[in-house]
Structure formats: structure tokens, C-alpha cells
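Worksheet: the structure to be examined is printed underneath.
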Amino acid sequence: MVDLGRVHVESFLEMMSAERGAAANTLQSYERDLDDIRTFLKERSIRLTEAASADLAAYLSSLARKGFKPSSQARRLAAMRQFYKFLYAEGLRTDDPTGILDAPKKGRPLPKTMGVEEVGRLLSQAEAEAEDASPGQLQRLRMLALLELLYATGMRVSELVSLPARVLDQEGRFLMIRGKGNKERLVPLSQSAISALKSYGRLLAAENAAAREPQESPWLFPSASKEGYLPRQVFARDLKNLAIRAGLTPSLISPHVMRHAFASHLLANGADLRVVQELLGHSDISTTQIYTHVLEERLQQLVQTHHPLAKQAKKHE
């Protein structure tokens with residue numbers, strides 16, 4: 001009996017073009033994917049139009065074994081779904097074998113982070129610039145305070161830029177942060193963060209006192225924005241510019257990456273995962289656990305680079 005699989009694939013592609021207006025690239029992608037599926041099934045003496053759910057699941061499993069990324073597997077599954085829905089709609093099948101197939105789970109991407117040396121360079125650059133007493137020093141002191149607070153606490157950028165001005169009045173080494181769902185958490189401050197905060201606060205008060213029309217703001221980092229405080233986008237932009245001046249790659253640095261660095265560096269130095277969860281304000285510890293994967297990956301790289309046996313293996317390659 002003749003296998004009409006290829007004929008039905010062509011009919012499917014014509015339908016996608018005429019009725020769905022699919023682009024040429026999309027049609028080519030569908031064609032390649034369906035031809036690959038058809039080849040796989042043909043090797044097992046199974047016609048494309050007659051494949052069962054188990055046959056298609058076996059095909060997806062073969063992709064996983066070959067090292068295809070979950071995104072590539074998901075694309076093949078999407079092509080199958082569209083094709084078998086077409087066959088069902090045309091009365092060429094009485095069922096849709098893709099209905100019970102699960103999409104491959106995409107691995108959670110590891111967060112970008114920074115090394116201790118990179119954070120040090122960024123903070124050193126901010127500190128050197130903050131010491132410059134020329135016009136604009138308040139903005140430079142603000143950047144230093146923002147960075148010190150961010151690296152000392154790991155708070156979210158939205159929590160950081162919206163800190164209240166009363167933070168300047170407190171004397172202790174702890175900061176109360178109001179996070180998601182209005183939940184409050186207590187985080188410790190480093191001595192350098194306290195010092196940067198005081199320097200910024202003194203100059204902010206001095207400039208306000210010297211202004212013709214002093215404006216009291218309820219925010220620690222006041223701005224002319226709609227919210228009244230520093231927009232997080234402005235901070236992110238200024239941070240990238242600082243990274244450039246520090247000789248770092250700006251695309252790899254953001255307030256969120258600094259938060260990741262805070263968590264990764266704490267865990268690398270022996271901090272308990274539950275403590276880091278509390279400091280970050282994560283409601284679920286599974287969110288915090290991703291940082292352990294970052295550490296595992298770095299440890300593997302460390303062993304591959306520095307272990308004597310690994311070095312010997314490389315010599316013999």
C-alpha cells in the first residue's frame with residue numbers, strides 16, 4: 001500500500017499558506033520537521049498518517065537522546081500538533097495522537113551573576129567617583145549608596161529605589177524592607193553600606209537646605225519622576241555606564257545581576273540556604289535553590305581547570 005504521508009504533508013502546507021497566511025520560513029520549518037518525523041516512522045514501518053501517540057512519543061524521546069534542546073523538541077511537537085489536527089479536521093483520522101503528548105520541560109536558565117572581583121571593581125569605581133567634589137557629586141554619592149545597599153542586602157531593584165527617606169534617621173545595622181505582598185523582612189547592612197548612606201544623606205540634606213525652595217521628599221532617592229523616586233530604568237542605565245568606566249562588560253551587569261551576585265557569594269561562603277531565602281524575600285525555597293546550581297556549575301569548572309588529574313587528561317587529548 002502506498003504511503004500517502006508526503007502527499008498529506010504537501011496538502012497541510014498548502015492549507016497553512018492559503019488559510020493561515022504562514023510565512024515561507026514557517027512553511028519550510030514545518031516541512032523539514034514533518035519530513036524528519038516521517039523518516040523516523042518509516043524506519044519503524046509506520047506510516048505518518050497512522051502513527052499512534054506512543055510512536056510520536058518515541059520520536060520525541062529520540063530527539064532528547066540526540067541532545068536536542070527542549071526548545072527544539074517543543075518546535076517539533078508543535079509541528080506534529082498542527083499536522084494531526086489538520087488530518088482530523090479533514091476526516092483523514094478519527095483522533096489526534098498528539099493530544100496526550102506533554103511538551104518537553106525547559107530547563108530553568110541559570111541566573112547571570114558576577115564574580116567577587118567584578119563586584120569589587122564596580123564598587124571601587126563608584127567610590128573613586130563619589131570622592132570627586134566637583135558639581136554632580138550628589139548623583140555620584142547616590143550611585144555608591146545604591147550599589148552598597150544592593151550588594152549588602154540583595155534587595156530587588158524596585159525595593160531599593162523606593163526606600164523611604166526615614167532610612168537616613170535610623171542608627172542600627174539593620175534595614176526593614178517592604179517586599180512583595182507588603183511582606184516585611186529585616187536585612188543587615190555592611191559597614192561600607194552604612195558609611196555610603198550617611199555620606200549621601202549629609203550632602204542631600206545640605207543641598208536641600210541651600211536650595212531656594214527646599215522640597216521635602218518621603219523618598220530616600222527622590223526624583224522628578226511620576227512616582228517621586230528614582231526610576232529603576234534610570235538606575236539600570238547609570239549602572240551600565242559605570243560598568244563601562246570600570247572596564248566591565250555592560251551587557252552582563254544589571255541591578256538584578258547584582259542581586260544574584262549577593263546570593264551566590266553568600267552561599268559560596270557557607271551561608272545557609274534558608275537564611276539566603278529570608279534575605280532575598282523568596283516565599284518558596286525552590287526559587288532560592290537555583291543559586292546552588294550556579295555554585296555546582298562553578299565547582300565543576302574549578303575542578304576541570306585546577307584538579308591535577310583533569311590537567312593530565314587534557315595533556316593526553
Side-chain angles (χ1 to χ4, degrees), residues 108-163 167 175 177 187 189-201 203-204 219-225 227 229-269 271 276 279-281 288 290-291 293-295 297-298 301-302 305:
R108 192 170 182 178
L110 294 179
K112 292 180 182 177
T113 188
M114 300 167 64
V116 175
E117 183 185 351
E118 293 171 307
V119 173
R121 285 171 63 182
L122 202 59
L123 288 171
S124 294
Q125 182 68 30
E127 188 174 4
E129 292 182 5
E131 290 173 356
D132 180 2
S134 63
Q137 187 180 23
L138 181 61
Q139 283 68 37
R140 295 189 290 274
L141 281 169
R142 181 183 70 185
M143 173 55 78
L144 179 61
L146 284 163
L147 278 185
E148 288 284 4
L149 284 171
L150 187 54
Y151 188 53
T153 66
M155 71 179 92
R156 300 176 180 89
V157 64
S158 56
E159 297 166 346
L160 174 64
V161 295
S162 62
L163 283 172
V167 166
L175 185 64
I177 300 172
V187 295
L189 292 177
S190 63
Q191 288 292 350
S192 55
I194 293 171
S195 175
L197 198 55
K198 286 182 177 178
S199 296
Y200 165 72
L203 189 55
L204 178 66
W219 308 110
L220 177 60
F221 302 110
S223 168
S225 67
E227 295 84 1
Y229 52 77
L230 179 70
R232 54 190 179 83
Q233 296 89 345
V234 172
F235 174 39
R237 180 201 65 200
D238 292 346
L239 179 57
K240 288 187 182 295
N241 289 334
L242 177 68
I244 293 171
R245 295 194 296 275
L248 300 171
T249 305
S251 60
L252 301 178
I253 295 170
S254 70
H256 203 57
V257 171
M258 289 285 289
R259 174 172 158 88
H260 292 322
F262 162 82
S264 298
H265 298 172
L266 275 181
L267 287 170
N269 283 282
V276 176
L279 293 174
L280 290 173
T288 318
I290 193 167
Y291 295 105
H293 300 314
V294 175
L295 291 177
E297 190 177 77
R298 289 195 168 187
Q301 292 173 354
L302 188 68
T305 306

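Computed from heavy atoms alone, side chains included, the values below leave out hydrogens, waters and symmetry copies. Treat the numbers as computed from the prediction; the structure is a model and nothing was measured.
You'll find the side chain of Glu127 stays beyond 4.5 Å of the side chain of Ser195, heavy atoms only. The side-chain heavy atoms of Leu149 and Leu160, taken from C-beta on, include a pair separated by under 4.5 Å. Annotation: side chain of Glu227 is not in contact with side chain of Trp219 (no heavy-atom distance under 4.5 Å). For the pair Leu239 and Leu147, the minimum side-chain heavy-atom distance is below 4.5 Å.
Scanning for side chain to side chain contact (heavy atoms under 4.5 Å, CB included) contacts around Glu159 gives Met155, Arg156, Ile177, Arg185, with sequence neighbours left out. Applying the side chain to side chain donor-acceptor pair (under 3.5 Å) test to Ser124 and every residue at least two apart in sequence or in another chain returns nothing.
Leu144 CG to Gln139 CD: the interatomic distance, rounded to the nearest 0.5 Å, is 13.5 Å.
Side-chain atoms of Arg142 do not come within 3.5 Å of backbone N or O of Leu204 as any donor-acceptor pair. The backbone N or O of Thr153 lies less than 3.5 Å from no partner atom in the side chain of Arg259, so there is not a single donor-acceptor pair. Side-chain atoms of Arg121 come within 3.5 Å of backbone N or O of Gly247 as a donor-acceptor pair. Listed for the Lys240 side chain is no donor-acceptor partner under 3.5 Å among the backbone atoms of Ser254. Checked by atom type and distance alone, the side chain of Tyr200 pairs as donor or acceptor with a backbone atom of Leu220 at under 3.5 Å.
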